Amino acid sequence: MHQLAQPISSVQGDALLLDARGLGYVYPDGTRALDGIDLQIRAKERIALVGHNGSGKTTLVKQLCGLLQTQQGQIEFRGKQLDAEQLQRVRLEIGLLFQDPDDQLFGHNIYEDVAFGPRNQGLDEDAVERVVRKAVSDVGLTELLFKPPHALSYGQKKRAALAGLLAMQPELLILDEPTANLDPLQEQIFLDLLKNYPGTLLLISHDLIFLYELCERVLVLDGGRVHHDYRLKELVEHRPSLREHGLDFSFRFAEDTEAEQQSVSAATSRNQETTFATAKTSLIDLKSVCYSYPDGTPALRGVDLRIEPGERVAIVGENGAGKSTLLMALLGLIPFRGDYRFAGQRVSPGKGRPVWQQTGMVFQDSADQLVCPSCYDEVAFAPRQFGIGEEEVRKLVDSALKMVKLDDFAARIPLHLSGGERKRLALASVLSLKPQLLILDEPTAGLDPQGEELLLEILQGIDATLLLVSHDIFFVRRLTERTLVMHNGQISLDYMTKDFIADKNLTSLNGLDYTYRDHCALQIRQLQHQHEHAHPHKHRHEHTHQHGETNHSHPHEHEHEHPHRYRHVHADKKSHASGHEHTSQHEYHDHPHPGHNDEEHRHPH
């Protein structure tokens, strides 16, 4: 196994907050999630917890906060063992933000949800109201204080769940994928709040760029064990470590945008020429489509949209802009108002069956659409619903599983798969009907970088009209040639993706800055470009030697290998892309060599 440069040294000035020794955990199906975890967390630390899907991260934090009882090992919090007697107290001092905010919100309105924790801490109602209003104000939801959680957008739910924890002021705050599915503006809100958080932070995330701005220390889990405990800066610059643990996000640093767009355009052209060569009408044609939620809140305000067969289109916009509602209208799942035609055929509000056989949608959370006992049955489900014979079903299932690189998974249980495998299985389940339209709703949510890179490769090879809803601008850039910007229930902008990427005025429309991460990504790319090599160098040294009664001083030359870190530049991209050599700037290096004078030396006379 590779080794990084230096293990991190804990800050001795801060008291030991949590001490876990020998943690092990096995799920009822025999899956070992944790295997001999040793972990110390000191007060005020900012720690990133990373690892590929299924490495044990969520299981570990559930044990640390008492949601899962320890099977092996022990945990001490503030010097006291975390047992049944301590759990009630500790749960008021350790806060856990779940990945899915719907798992955390249960009150009639935001106020009641945020007030739940402080009331359990024993605060009187006046104090409860003060802390609730401050926490809600901190996350920017004051105007929605008495709105039901189920009526909020995903990003608003996430912030409401965070407010419920902030109101309790926990000593240790644990967050599981805090930026998943958030728009850039809401990511920035989270970032600002966490930067100023006075307690200890433990963050689970695959978003290493977000973590890089917050954390100094990083724990890498693999197979239920802590494989590395280092400084985050050392991890992101060391690509062998990232690759070994499925965390190498460097594929996102592609610079040749023009070549990417030419590749997308070629794919779009191929789709249009092969799959839909005989089409004479638009695949999707919306005119003045509107929809309001049961409480009267407008979600779609007169949407007009045409998508041609074979196009690859992205929909972007802030949380609550109406993107998911538009998808529900396209599937005919809500009683919209207006005119909608799919491949020339009118779609009645709430009656989308004519659309369903020709459209496949992959949800944000794959678990929402996986319902069968085996992967084979999952992919076969849709063809069977449309009366396709079993022999043809078998061919469709084999083809779809092969397309998503799950060839040998037919007998596996879907809910026993990793997050990335479940996402690809959900994709296979909609590809089995060979849909004309493929809709992807936040396809990268919760995926580790290795899973993202594999999913990108698969999606680039699919021949279908593509509609991508995402805050992941890298995927937007790599997969689409046209981008729709939604705001306040309307399509505000409709232009080429390359023009969207170059638009510096988007913040004036909806406050979103899709380039706000660039400075951080640039720093990481520069760190990775500082190579460590072991290569030969010649060295000259003055050595004093004694021959009899005479002392001699003369230069001594030798050659050896040792690592040197240095920066370098490339004259052109071609030489960089095709591999390159590094030549030392100086043939000789003068530096101390401890103990060299004690070595045996032979010199010619």
Side-chain angles (χ1 to χ4, degrees), residues 53 206 243 246 248-277 283 307-316 359-364 366 379 396 399-407 409 419-484 496-501 514 521 573 577:
N53 294 116
H206 297 121
R243 283 194 296 269
D248 188 5
F249 58 102
S250 305
F251 70 95
R252 289 178 170 269
F253 294 161
E255 298 178 352
D256 196 352
T257 304
E258 182 178 351
E260 292 169 6
Q261 286 302 313
Q262 288 175 354
S263 175
V264 171
S265 298
T268 302
S269 177
R270 181 179 69 250
N271 293 344
Q272 291 172 335
E273 291 174 3
T274 58
T275 311
F276 309 113
L283 184 63
I307 296 178
E308 303 302 326
E311 277 197 284
R312 301 172 78 83
V313 182
I315 302 179
V316 303
T359 301
M361 178 173 172
V362 179
F363 297 171
Q364 289 186 19
S366 303
V379 182
L396 292 172
S399 175
L401 288 175
K402 183 176 182 180
M403 193 178 302
V404 300
K405 305 185 188 303
L406 294 176
D407 312 49
F409 279 59
E421 290 165 348
R422 287 199 300 268
K423 183 75 73 173
R424 286 185 280 139
L425 178 62
L427 178 59
S429 72
V430 301
L431 292 178
S432 61
L433 283 176
K434 300 182 179 179
Q436 292 190 53
L437 173 64
L438 177 60
I439 300 175
L440 305 169
D441 192 1
E442 294 292 354
T444 59
L447 292 187
D448 58 41
Q450 186 177 50
E452 290 176 348
E453 191 170 14
L454 179 56
L455 181 64
L456 178 64
E457 177 187 342
I458 293 168
L459 293 176
Q460 286 175 323
I462 291 176
D463 288 336
T465 304
L466 181 68
L467 189 57
L468 170 67
V469 176
S470 182
H471 299 301
D472 191 331
I473 301 307
F474 175 78
F475 264 63
V476 168
R477 189 180 71 203
R478 293 292 294 269
L479 289 174
T480 70
E481 65 170 4
R482 178 185 172 198
T483 296
L484 312 174
M496 300 296 289
T497 296
K498 61 181 178 62
D499 296 327
F500 160 71
I501 298 296
Y514 288 103
K573 292 183 178 179

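All of these numbers come straight from a predicted model, not from anything done at the bench.
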Indicate the atoms forming the closest heavy-atom contact of [X] with [Y], along with that distance.
X: K423; Y: S366; answer: CA-OG, 3.3 Å
X: T497; Y: R477; answer: CG2-CA, 4.1 Å
X: E452; Y: L447; answer: OE2-O, 3.6 Å
X: Q460; Y: R478; answer: NE2-NH2, 3.6 Å

Would a distance-only check, ignoring hydrogens and angles, find a side-chain to backbone donor-acceptor pair under 3.5 Å from E481 to R312?
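Checked: no pair found.
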Flag, side chain of D448 to backbone of N53, donor-acceptor distance under 3.5 Å:
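Indeed, once roles are kept as given, a pair shorter than 3.5 Å links the two residues.
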Hey, what do you get for [atom1] ([X]) to [atom2] ([Y]), rounding to the nearest 0.5 Å?
X: D441; Y: M361; atom1: CG; atom2: CE; answer: 4.5 Å
X: L467; Y: T359; atom1: CG; atom2: OG1; answer: 10.0 Å
X: L438; Y: D463; atom1: CG; atom2: CG; answer: 11.5 Å
X: L283; Y: T465; atom1: CG; atom2: OG1; answer: 5.0 Å
X: I315; Y: L440; atom1: CD1; atom2: CG; answer: 11.0 Å

Could you check if a side-chain atom of R482 sits within less than 4.5 angstrom of a side-chain atom of I307, using non-hydrogen atoms only?
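Contact flag for R482/I307 side chains = yes.
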When you compare the side chain of V313 with that of T480, does any pair of heavy atoms fall below 4.5 Å?
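The answer is no; the side chains never approach within 4.5 Å.
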Mind checking side chain to side chain donor-acceptor pair (under 3.5 Å) for T444 and listing every partner two or more places apart, or none if nothing turns up?
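Residues passing side chain to side chain donor-acceptor pair (under 3.5 Å) with T444: D472.
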Step-by-step side-chain contact (heavy atoms from CB on, under 4.5 Å) determination, L454 to E457
CA-CA 5 Å; L454 179 56; E457 177 187 342; 4.1 Å; yes
Applying side-chain contact (heavy atoms from CB on, under 4.5 Å), run through V469 and Q364 and close with a yes or a no.
CA-CA 10 Å; V469 176; Q364 289 186 19; over 6 Å; no
Which pairs of donor and acceptor atoms, one on a side chain in residues 427-435, lie under 3.5 Å apart (sequence neighbours left out)?
residue, atom, partner, partner atom, Å
S429, OG, A426, O, 2.6
S432, OG, V379, O, 3.1
S432, OG, S429, O, 3.1

